[in-house]
Amino acid sequence: MYDLPHKFTYGIIQQHSLARGGSPVPDITTLNYPGHQHMHEWFLFSDLARPQSNRLGSPVAKVTDPEEADLFYVPAFSSLSLIVNAGRPPGSASAYSDEEMQEQLAEWLTGQEYWKRNNGWDHVIIAGDPNALYRVVDRIKSAVLLVSDFGRLRPDQGSLVKDVVIPYSHRISTYTGDFGVKDRTILLFFMGNRYRKEGGKIRDLLFQILENEEDVVIKHGTQSRENRRAASRGMHTSKFCLNPAGDTPSACRLFDSIVSLCVPVIVSDSIELPFEDIIDYKKFSVFVETTTALKPGYLVSLLRKVPEQKIIEYQKAMKEVKRYYDYTHPNGTVNEIWRQVSQKLPLIKLMINRDKRLVKRELSEPNCSCLCSNQTGITNSLG
């Protein structure tokens with residue numbers, strides 16, 4: 001793991017605190033990452049910051065000599081950087097600039113010896129928020145990107161072959177009760193921002209169709225402590241939880257649903273899901289095509305027909321995989337992300353070796369960066 005300048009890690013935590021009225025501290029490394037759906041970048045950083053003797057069982061081993069490293073992790077808090085000034089009243093925002101942070105990070109990283117050695121193919125960069133590092137993604141796209149989805153990435157910037165889809169950090173408290181539907185009196189629950197851009201426009205249409213349905217709770221609500229408590233109560237007392245697309249195909253609500261044992265109803269045709277090589281989401285989720293879900297009466301009619309025993313089967317399947325979405329579990333999300341990353345190593349070595357020779361392709365348009373290196377055509381192997 002790179003020992004990044006603090007302005008890319010703890011410095012961002014401090015800026016986030018200062019923008020919210022916090023006071024400077026003598027040692028910024030004592031700061032804690034604020035609770036957020038993008039805490040994945042904190043958990044991965046913290047895992048690799050521990051002594052290797054405390055990481056027994058991890059799929060990857062941390063080394064201190066870069067010459068021994070197969071992979072290089074870049075632990076910039078790019079998602080937190082996006083929201084340093086988010087929601088601040090006019091005139092109260094700090095002078096912090098996420099755009100400047102991105103430019104400085106890309107300049108620093110691409111100037112490093114080990115980045116230049118293999119064109120960054122053997123680097124791993126987290127960009128959990130769909131907008132994280134958006135200004136510089138073309139300069140770092142050869143790396144393995146850890147992303148929530150590919151909604152804001154072009155095909156030549158990211159794909160399932162090169163990159164790893166990671167879950168959001170759930171914000172809803174884990175359900176600890178028994179299986180069953182006796183205490184789940186709500187058929188379908190949703191609480192979130194009704195109005196979204198781009199693919200998320202389906203939310204408003206679903207609101208119009210569902211908000212007057214009996215035993216359906218669908219509420220507009222933004223992120224706040226009070227709303228999270230209300231969402232926890234709603235998910236823990238519902239049979240099904242609606243998971244429509246947001247501004248991009250995925251949203252943190254899916255992972256809140258899973259830890260709540262509330263069967264996800266996924267209405268997002270382009271969604272990519274984490275860890276699908278080992279997890280079959282059809283065992284505990286209901287997928288409904290968008291055009292079908294928007295037919296009046298269809299969704300509630302479909303869900304009311306699901307037998308109680310089938311819902312219990314879904315709940316048991318969710319409980320079996322719940323640890324994969326728990327960043328605090330000793331063999332949970334963090335280890336699974338590192339396992340997924342380690343599986344990219346053969347492809348990474350292939351791309352590194354391929355970059356060292358002449359490669360000619362005649363492409364009418366850019367192809368996926370995970371499949372093609374030297375996209376400009378012929379390179380001089382002596383250059």
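Being a predicted model, the structure only gives us computed values, none of them experimental.
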Checklist entry - Between L188 and V217, is a side chain to side chain contact (heavy atoms under 4.5 Å, CB included) present by the stated rule, with each step listed? => result CA-CA 6 Å; L188 179 64; V217 175; over 6 Å; no

Checklist entry - Is there a side-chain contact between F8 and P5 (heavy atoms, below 4.5 Å)? => result yes

Checklist entry - Is the charged tip of R171 near the ring of Y327: under 6.0 Å from the six-membered ring centre and within 45° of its axis? => result no

Checklist entry - Does the side chain to side chain contact (heavy atoms under 4.5 Å, CB included) test come out yes or no for K239 and V263, once each step is laid out? => result CA-CA 6 Å; K239 301 177 182 72; V263 180; over 6 Å; no

Item to check | Least distance between heavy atoms, I172 atom then A231 atom | outcome: CD1-CB, 3.6 Å

Next on the checklist: Pairing donors with acceptors under 3.5 angstrom, does anything connect the side chains of H123 and Y2?
Outcome noted: yes

Checklist entry - What about the rings of F77 and F45, do their centers lie closer together than 6.0 Å? => result yes

Checklist entry - With F240, which of L299, V286, I186 fulfils side chain to side chain contact (heavy atoms under 4.5 Å, CB included)? => result V286

Next on the checklist: I'd like to check E276 versus L273 (side-chain heavy atoms, cut-off strictly below 4.5 Å). Are they in contact?
Outcome noted: yes

Item to check | Heavy-atom pair of closest approach, residues L206 and A293 | outcome: CD2-O, 4.0 Å

Checklist outcome for this item: Rounding to 0.5 Å, atoms CG (N85) and CG (D98) come to a distance of 9.5 Å

Next on the checklist: In this structure, would V216 and L302 fall into the same cluster of hydrophobic residues linked by side-chain contacts under 4.5 Å?
Outcome noted: yes

Checklist entry - Shared ILVMFWY cluster between M1 and L56, side chains joined below 4.5 angstrom? => result no

Item to check | Criterion side chain to side chain contact (heavy atoms under 4.5 Å, CB included) on L80 and H38, from CA distance to verdict | outcome: CA-CA 7 Å; L80 183 63; H38 296 299; over 6 Å; no

Checklist entry - Does Q102 use its side chain to pair, donor to acceptor, with the backbone of R135 at less than 3.5 Å? => result yes

Next on the checklist: Any side-chain to backbone donor/acceptor pair from S17 onto I13? Under 3.5 Å, distance only.
Outcome noted: no

Checklist entry - Would you find more than 12 non-hydrogen atoms of other residues, nucleotides or ligands less than 6.0 Å from D3 atom CG? => result no

Next on the checklist: I'd like to know if F284 and V259 are part of one continuous hydrophobic network [Ile/Leu/Val/Met/Phe/Trp/Tyr, side-chain heavy atoms within less than 4.5 Å].
Outcome noted: no

Checklist outcome for this item: Heavy-atom closest pair (F72 atom, A69 atom, distance to 0.1 Å) is CZ-CB, 4.0 Å

Item to check | Donor-acceptor pair, side chain of Q37 and main chain of C252, under 3.5 angstrom | outcome: no

Checklist entry - Can you find a side-chain donor-acceptor pair between S79 and D129 that sits under 3.5 Å? => result no

Checklist entry - Is there a donor-acceptor pair under 3.5 Å between the side chain of Y281 and the backbone N or O of P274? => result yes

Checklist outcome for this item: d(L133 CG, R139 CZ) to nearest 0.5 Å is 11.0 Å

Item to check | Main-chain N/O of L160 paired to E272 side chain as donor or acceptor, under 3.5 Å | outcome: no

Checklist outcome for this item: On a heavy-atom basis, the closest approach of M101 and S81 is CE-OG, 3.4 Å

Checklist entry - Do T30 and Y10 have side-chain atoms, one donor and one acceptor, less than 3.5 Å apart? => result no

Next on the checklist: To check you understand the geometry: which heavy-atom pair defines the closest contact between G57 and N335, and what is its length?
Outcome noted: O-ND2, 3.7 Å

Item to check | Joint cluster assignment, V63 & W115, ILVMFWY side-chain distance < 4.5 Å | outcome: no

Item to check | Atom pair NZ (K349) and CH2 (W121), whose distance is rounded to the nearest 0.5 Å | outcome: 16.0 Å

Checklist entry - Side chains of D47 and W338: do they bring a donor and an acceptor to under 3.5 Å? => result yes

Next on the checklist: Please find the pair of heavy atoms, one from Q52 and one from K62, that lie closest to each other, and give the distance.
Outcome noted: OE1-N, 2.9 Å

Checklist entry - Do side-chain atoms of R20 reach the backbone of Q15 as a donor and acceptor pair under 3.5 angstrom? => result no

Checklist entry - Thinking salt bridges, do K344 and D122 make one under a 4.0 Å N-O criterion? => result no

Next on the checklist: Is there a path of hydrophobic side-chain contacts, each under 4.5 Å between heavy atoms of I/L/V/M/F/W/Y residues, joining M351 to L345?
Outcome noted: yes

Checklist entry - Passes side chain to side chain contact (heavy atoms under 4.5 Å, CB included), V165 versus F150? Steps please. => result CA-CA 9 Å; V165 177; F150 299 105; 3.8 Å; yes

Checklist entry - Is D178 atom CG crowded by more than 12 heavy atoms from other residues, nucleotides or ligands, each under 6.0 Å away? => result no

Checklist entry - For Q340 and D277, does a side-chain donor sit closer than 3.5 Å to a side-chain acceptor? => result yes

Checklist entry - If only atom types and distance count, is the side chain of S58 paired as donor or acceptor with the main-chain N or O of V60 below 3.5 Å? => result yes

Checklist entry - Got a salt bridge between D280 and K282, using NZ or NE/NH1/NH2 to carboxylate O under 4.0 Å? => result no

Item to check | Salt bridge flag under 4.0 Å for residues R154 and D138 | outcome: yes

Item to check | Pairs satisfying side chain to side chain donor-acceptor pair (under 3.5 Å), at least one member in residues 289-314, at least two apart | outcome: D215-R304, D269-T290

Next on the checklist: Counting only heavy atoms not in E107 (residues, nucleotides, ligands), do more than 12 fall under 6.0 Å from its CD?
Outcome noted: no

Checklist entry - Distance only, no hydrogens: is a donor on one side chain within 3.5 Å (strictly under) of an acceptor on the other, for Y134 and E99? => result yes

Item to check | Cation-pi, F179 ring and K319 (6.0 angstrom, 45 degrees) | outcome: yes

Next on the checklist: I'd like to know if the side chain of H170 and the backbone of L254 have a donor-acceptor N/O pair within less than 3.5 Å.
Outcome noted: no

Next on the checklist: Does any part of the side chain of F189, heavy atoms only, come nearer than 4.5 Å to the side chain of L242, both counted from C-beta?
Outcome noted: no

Checklist entry - Counting N and O atoms only, with roles assigned by atom type, does the side chain of E100 sit under 3.5 Å from a partner on the main chain of Y96, one being a donor and the other an acceptor? => result no

Checklist entry - Is there a donor-acceptor contact under 3.5 Å from the side chain of S142 to the main chain of N119? => result yes

Checklist entry - Do Y325 and T333 have side-chain N/O donor and acceptor atoms under 3.5 Å apart? => result no

